[in-house]
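Numbered from 1 within each chain, the chains take letters A, B, ... in sequence-line order. The figures here come from the full heavy-atom set of this structure, side chains too, leaving out hydrogens, waters and symmetry mates.
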Amino acid sequence: MSHHNIYLMVNGKRYSLEVESDRSLLDVVREDLNLTGIKKGCDKGDCGACTVLLNGKPVNSCMVLAVQADGKEITTIEGVARDGKLDPIQVAFIKHGAVQCGFCTPGMILTAWALLRENREPMREEIQKAISGNLCRCTGYVQIIDAIQSAARVSRVNNE
Amino acid sequence: MIGDFVVKGKYVGAEVDRVDAIGKVTGETKYADDLRLPNMHYGKILFSPYPRARVLHIDTRSAEALHGVRKIITAKDISGNNLYGYEIHHHPLLVGEGQETRFVGDSIALVVAETPEAADQALENIEVDYEVLTPLTSPREAKAEGAYQIHPGSQGNICCRPELIHGDIAAGFKNSEVIVEHTYFTSRQEQAFLETESGVAYVDDSGMLHIFSSLQDPYDVLEDVCYALGIPKSRIHVKGTIVGGAFGGKLITTIEVHLAAMVYLARVPVKIVLDREESFIFHPKRHPDEIHVKVGSTRDGKIQALEAEVLSDAGPYSGRTPEVLGLTVSALVGPYGIPSVHLTGQAIYTNNLDSGAMRGFGAPQAAVARESILDKLAGTLEMDPLELRQKNFLKPGQETLSPVLGDSPVSLELLKDQILEKMGPLPEVSPEQNKRVGRGFCFDMPVFDVSAIPVLGKSGVGIAVEIFSDASACVYAGGTELGQGITTVLAQIAAEELGLPINKVFVEMSDTWTCPRAGRTSASRLTYVLGNALLLATEKIRNTLLSRAAKMLEVSKDELILENGKIKAKGSPSKGVGLQEVATVCSNEGLKLREEGWFKYPEDRYMYGHTFMASAADVVVDLVTGEIKILKLVNIHDSGKVINPILAKGQLYGGSLQALGYALTENLIVEEGKLITPSFSEYLIPTAMDIPEEFVADAVETPYPTGPYGAKGLAEHALNSTTPAILNAISNAVDIDLTTIPVYPEHILEAIRAKETDHQ
Ligand code: FES
Ligand code: FES
């Protein structure tokens, strides 16, 4: 197995790493960087629990090789709260009961975060579509959708 | 009635934020796979490739020689019984040479290695010779005469055979003017929790084995580890980590016995995390059932008799099957008063995947058969299905069948009114669009465990609470946080009772070292049993604090109230003392500030309390494609006082969507004992695109006399009643009988075609 020297910008911090060519971004972030907030639900691209933002776009990090992410910017759930202050999406997830077991939550929040950057006023159907790759077995999604809508409202007010 | 019964509480009944939410939204919460120990190794399990085979020879030499491999373990290395299992210890930890495997989830060898990759390589290098044998893959075949016995000594491969008799069934059918009967087939449903089975363990310097894993019952794990490996119970500490979903799939011991064996024999800390396919194979699923049901009624719709036979695929091990099938059988009656009943079930061992607990514990299967046959009966009687149900609703004071307690105020009429109001008029679709709209109902009487005596002995369910001199408190509760929100519910109750702000109350859960025995986290039991135990414990602490404060304030104890971190005299608010001051004095004087509460239901037998649920669905069916769209889905639940409305709604939505999956997509297919659908791209659970256009969850709160604040259990309940509502809506839309779930578009088209051929 060949080794590669790569660097990743993760949550604004630069990491230089030596990785084997077949390792997934998910494994490298969880094991080598010890950022365990992202989860492994399937390792096959089916569940979205491993979602990170790669240059601002949500991806299933289990389906991305670490070497493919070389030089790119990555946001994990640990990078969403700024200066110890929760993002409005995180607050809304708590307030609306959008969290149960929490295993899907980090991925769900990152997907929502990317959505709200592109679409400040998403309709319910747009939210449903955006999060359709993030499985949640606990909540039935209703409170998650409520939370994302409410976070969008709060962010609009904050930005006005 | 909604919100009518409010014990005025600052926290109880309020929309309190989850106490464990911040860690979950920031990613800080540690699940089992997020834990790391110094010198931690990785454990992997070699599973049997065959559902039934005799292990002739296992050669581990080349695997052992690989770089990074610490230890390979086979049956001959195990010094204990090498067996585990809930109630019946017949599940081998490792199938050894000369023994037979019983399903593809049986373990042959364990690998401990420095890296997951080295462990995988070792798995590939273990050489096993098998004599492949023909498996039994259907209950009918397995119960037939002459079939080989999966557990030697059993007869007809019978795992259990519950029977429920009430009244005179022959007379019941004699009094019936109309009799309908039908057979229903339900699928094998996978819990599909997102966090696969995982755990870490190590042995400390004093020889104590510590297991941290994703589980539902730390006490059961402790029993199993002791039995299988011969480790004294006093040397085992089990701590349930925050669980990423379980839904019954982690109710029996999963990887913990394997983990303990690895740690003990390899003498290093070990982590096991199953991959998704292994998880789908490993834990028991919802039983696939064949239910034949026959119901007799008078012309005007008074049901006289109900007879049913359930044939259930138990898989290879007993586990929770007897409990689950027992509940399937009793849930066939549902919330109806039926004078004569004869219900039997048979769970048969097979070499298929294992069956066991999944949310609803067998009641969802029963509800499918019960509510479908009721609609069929309504059709035969040419009666409105809702009217038929209403005519047969359980009446206040009417007897329920054991083990269901009939001590809940009956609210079925109220639920019926509410659901009709919420549903409104049936939406119209113009006929030329080749679409048909239909509505279906289901009423249910889901249960929750109140007794737990057979599980825990006479002591009942324990909890401990401690208040510290800084006026912060900790609750030690042996239940497990699976996502359902029990941590928050207990914090709400403790804060309410101790007059503390909720951020001063901490809840430590699922730890056999610090928590009194509380039993399993299942059967929607924790709010009821732990809530009651908690009230007993906090009452003792309140007493201590109030008595001491009474002396300090020189007033009688009865005049004092405890709220907002203060103890105050009722009449003269100026007279008061801070809780912190009182707690400090108590602590300095050596008064007891840690108390236990033990709750047990007065009756010494296994039994369930119950809630009431009404569900209704509107669907539109496309006659050309068979496609089904759910326009509206409403669930209204009477689970007594709701301690936290946001959490309760979350349970209703979540359970209901699992039921939608059960109705329309979820089918874990096993052929010749092997899993055909090993991933989320083959086993389809609902996504956010699959939710009903309008999805409503609401509650009616009729207080339950013996519940904490009048509360009952509720977590599982929406799963029971949603599936039949959807099935009945489809049948209603296109006027067909549905007999098998999940219902795919092609089934609908077939049924429509069959009906047309019949009519020609
Ligand atoms: S773990 Fe990456 S999609 Fe499931
Ligand atoms: S909260 Fe459990 S999977 Fe979403």
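The CD1 atom of A:Ile77 sits 10.0 Å away from atom CD of B:Glu28, with the distance rounded to the nearest 0.5 Å. Rounding to the nearest 0.5 Å places CD of A:Glu78 at 8.0 Å from OG1 of B:Thr26. Considering CG of A:Asp146 and OH of B:Tyr653, their distance stands at 6.5 Å, rounded to 0.5 Å. Note that CG of A:Leu135 and CD1 of B:Ile685 are 4.5 Å apart. Values are rounded to the nearest 0.5 Å. Separation of atoms CD (A:Gln128) and CG (B:Asp690) is listed at 9.0 Å; rounding is to 0.5 Å. In this structure, the separation between CD on A:Glu20 and CD on B:Glu117 is 7.0 Å, given to the nearest 0.5 Å.
Residues B:Arg36 and A:Asn34 have side chains in contact (heavy-atom distance under 4.5 Å, counting atoms from C-beta outward). The shortest distance between side-chain heavy atoms of B:Asp17 and A:Lys95 falls below 4.5 Å.
Heavy atoms of B:Leu194 lying under 4.5 Å from chain A belong to its backbone as well as its side chain. For a residue to count as touching a neighbouring chain, one of its non-hydrogen atoms must lie under 4.5 Å from one of that chain's; by this rule B:Leu660 does not touch chain A. When heavy atoms are compared at a cutoff of 4.5 Å, A:Ile38 does not approach chain B at all. Of the atoms belonging to B:Ile646, heavy atoms from both backbone and side chain fall under 4.5 Å from chain A. For B:Thr29, the part lying near chain A is the backbone, with the side chain staying farther off; criterion is any non-hydrogen pair under 4.5 Å.
Comparing A:Val91, A:Ile89, A:Ile94 by heavy-atom pairs within less than 4.5 Å of chain B, the highest count is held by A:Ile94. Of the listed residues B:Gly485, B:Gly655, B:Pro686, the one with more heavy-atom pairs under 4.5 angstrom with chain A than any other is B:Pro686. The candidate from B:Lys649, B:Glu693, B:Gln191, B:Arg359 with the greatest count of non-hydrogen atom pairs under 4.5 Å with chain A is B:Gln191. Note on A:Thr105, A:Val99, A:Val142: by heavy-atom pairs under 4.5 Å with chain B, the leading option is A:Val142. Counting heavy-atom pairs closer than 4.5 Å to chain B, the top residue among A:Pro106, A:Gly97, A:Ser132 is A:Ser132. Of the residues considered (B:Gly661, B:Ser656, B:Ser681, B:Ser679), B:Ser681 shows the highest number of contacts with chain A, using heavy-atom pairs under 4.5 Å. When each of A:Gly37, A:Cys104, A:Gly102 is checked for heavy-atom pairs under 4.5 Å with chain B, A:Gly102 comes out on top.
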Exercise for the section: Starting from the C-alpha separation in whole Å, work towards a yes-or-no answer on salt bridge (Lys or Arg N to Asp or Glu O under 4.0 Å) for A:Arg124 and B:Glu694. Expected result: CA-CA 11 Å; A:Arg124 285 186 88 78; B:Glu694 210 179 324; over 6 Å; no
Exercise for the section: Please step through side-chain contact (heavy atoms from CB on, under 4.5 Å) for the pair B:Phe247 and A:Cys138, ending with a clear verdict. Expected result: CA-CA 9 Å; B:Phe247 314 112; A:Cys138 302; 3.6 Å; yes
Problem - salt bridge (Lys or Arg N to Asp or Glu O under 4.0 Å) assessment of A:Lys40 paired with B:Asp33 - result: CA-CA 9 Å; A:Lys40 189 184 277 188; B:Asp33 187 20; over 6 Å; no
Problem - Stepwise side-chain contact (heavy atoms from CB on, under 4.5 Å) test for A:Lys129 and B:Met689 - result: CA-CA 6 Å; A:Lys129 200 159 174 237; B:Met689 299 295 280; 4.1 Å; yes
Exercise for the section: Applying side-chain contact (heavy atoms from CB on, under 4.5 Å), run through A:Ile131 and B:Thr687 and close with a yes or a no. Expected result: CA-CA 8 Å; A:Ile131 62 169; B:Thr687 73; over 6 Å; no
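Taking a 6.0 Å sphere around CG of A:Leu86, one finds it holds more than 12 heavy atoms contributed by other residues, nucleotides or ligands. Under a cut-off of 6.0 angstrom, the local environment of CD in A:Glu126 is crowded, with over 12 non-hydrogen atoms contributed by other residues, nucleotides or ligands. More than 12 heavy atoms of other shown residues, nucleotides or ligands fall within 6.0 angstrom of atom NZ in B:Lys30. The local environment of CZ in A:Arg156 is crowded, with over 12 non-hydrogen atoms from other residues, nucleotides or ligands closer than 6.0 Å.
Smallest separation of non-hydrogen atoms from A:Phe103 and B:Tyr31: N-OH, 3.6 Å. Heavy-atom minimum distance, A:Cys101 versus B:Gly244: SG-C, 3.4 Å. The shortest heavy-atom contact between A:Gly41 and B:Phe680 is O-CE1, 4.2 Å. Taking each heavy atom of B:Gly650 and A:Gln143 in turn, the nearest pair found is CA-OE1, 3.1 Å. In this structure, A:Gln100 and B:Gln651 approach most closely via the heavy-atom pair OE1-NE2, 3.1 Å. Of all heavy-atom pairs spanning B:Ala192 and A:Arg137, the tightest one is O-CG, 3.3 Å.
Salt-bridge check for B:Asp34 with A:Arg30: passed, with a basic side-chain N closer than 4.0 Å to an acidic carboxylate O. Residues B:Arg276 and A:Asp43 are not paired through a salt bridge, judged by the lack of any N-O separation under 4.0 Å between the basic side chain and the carboxylate. Look at A:Glu31 and B:Lys271 and you find no salt bridge, because none of the NZ, NE, NH1 or NH2 atoms lies under 4.0 Å from a carboxylate O.
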